[in-house]
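All residue numbers refer to positions in the sequence shown, counting from 1.
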Amino acid sequence: QVQLVESGGGLVQAGGSLRLSCAASGRTFSSSVMGWFRQAPGKEREFVARITWSGTATYYGASVKGRFTISRDNAKNTVYLEMNSLKPEDTAVYCCAAGKAVYGGISYDYWGHGTQVTVSS
């Protein structure tokens, strides 16, 4: 079992930055693929970024590539999402998820409740 708690959301002006954290409990964190997703009101959940268990490989959604950076500290059981050059369209609830690689993709088994990010224009 993995429990995930996000923090670091808030209100920021366009062009600003925020750093989200996701603290995990559970012995399987260091072996888990970790991902960030977001969902804006009236929209489907969107993939933001993911990082492999070792931290050596990262992947990003097209809308955030070049502006967001995912990282992890397995000693602290924490994954981060550094968000720069924020835009109003980045406004959403951001959730982290823990999963594992399966044939054809990633299966996310555990989800946090999310943290609100609001970007004002």
Exercise for review: Report yes or no: does Thr115 contribute a side-chain atom to a donor-acceptor pair with the main-chain N or O of Gly9 at less than 3.5 Å?
Suggested key: yes
Practice item. Please list, chain by chain and in numerical order, all residues satisfying side chain to side chain contact (heavy atoms under 4.5 Å, CB included) with Ser71, sequence neighbours excluded. Key: Tyr80
**Study point:** Close side-chain approach of Ile70 to Glu82, heavy-atom, < 4.5 Å
**Key:** no
Check your understanding: Can any side-chain N or O of Glu6 pair as donor or acceptor with the backbone N or O of Gly114 at less than 3.5 Å?
Key -> yes
Check your understanding: Looking only at heavy atoms, which two atoms of Ser54 and Thr56 are closest? And how far apart?
Key -> OG-OG1, 2.7 Å
Practice item. Would you indicate whether the side-chain heavy atoms of Ile51 and Val79 approach each other to under 4.5 Å? Key: yes
Exercise for review: Return the minimal non-hydrogen interatomic distance between Ile106 and Arg50, and the atom names on each side.
Suggested key: CG1-NE, 3.8 Å
Listed pairs under 3.5 Å, donor-acceptor, residues 14-21 side chains, sequence neighbours left out:
unit_1	atom_1	unit_2	atom_2	d
Ser17	OG	Asn84	OD1	2.8

Review item, side-chain donor-acceptor pairs of residues 92-104, under 3.5 Å, at least two apart:
unit_1	atom_1	unit_2	atom_2	d
Tyr94	OH	Arg38	NH1	2.9
Tyr94	OH	Asp90	O	2.6
Lys100	NZ	Asp109	OD2	2.7

Practice item. Grab the two heavy atoms, one from Thr78 and one from Ala23, that are nearest each other, plus how far apart they are. Key: OG1-CA, 4.2 Å
Practice item. Would you sort out whether Val64 and Met83 count as a side chain to side chain contact (heavy atoms under 4.5 Å, CB included), showing the intermediate values? Key: CA-CA 9 Å; Val64 307; Met83 306 186 295; over 6 Å; no
Point to revise | Non-hydrogen side-chain atoms of Phe68 and Leu86 separated by less than 4.5 Å | key: yes
Exercise for review: List for me each residue that meets salt bridge (Lys or Arg N to Asp or Glu O under 4.0 Å) alongside Glu89, sequence neighbours excluded, and say none if there are none.
Suggested key: none
**Study point:** Val117 reachable from Val48 in the ILVMFWY side-chain graph, under 4.5 Å edges
**Key:** yes
Check your understanding: Is the number of heavy atoms from other residues, nucleotides or ligands within 6.0 Å of CD (Gln3) greater than 12?
Key -> no
**Study point:** salt bridge (Lys or Arg N to Asp or Glu O under 4.0 Å) against Lys87, all qualifying residues, sequence neighbours excluded
**Key:** none
Review point. Got a second to check how far Asn77's CG is from Met34's CE, nearest 0.5 Å?
Key: 9.0 Å
Study note, to complete from the structure: In short, ring-ring contact (aromatic ring centres under 6.0 Å, His included) pairs touching residues 32-59 with sequence neighbours left out are Phe37-Phe47, Phe37-Tyr108, Phe37-Trp111
Practice item. State, with a plain yes or no, whether a side-chain heavy atom of Val5 is found less than 4.5 Å away from one of His113. Key: no
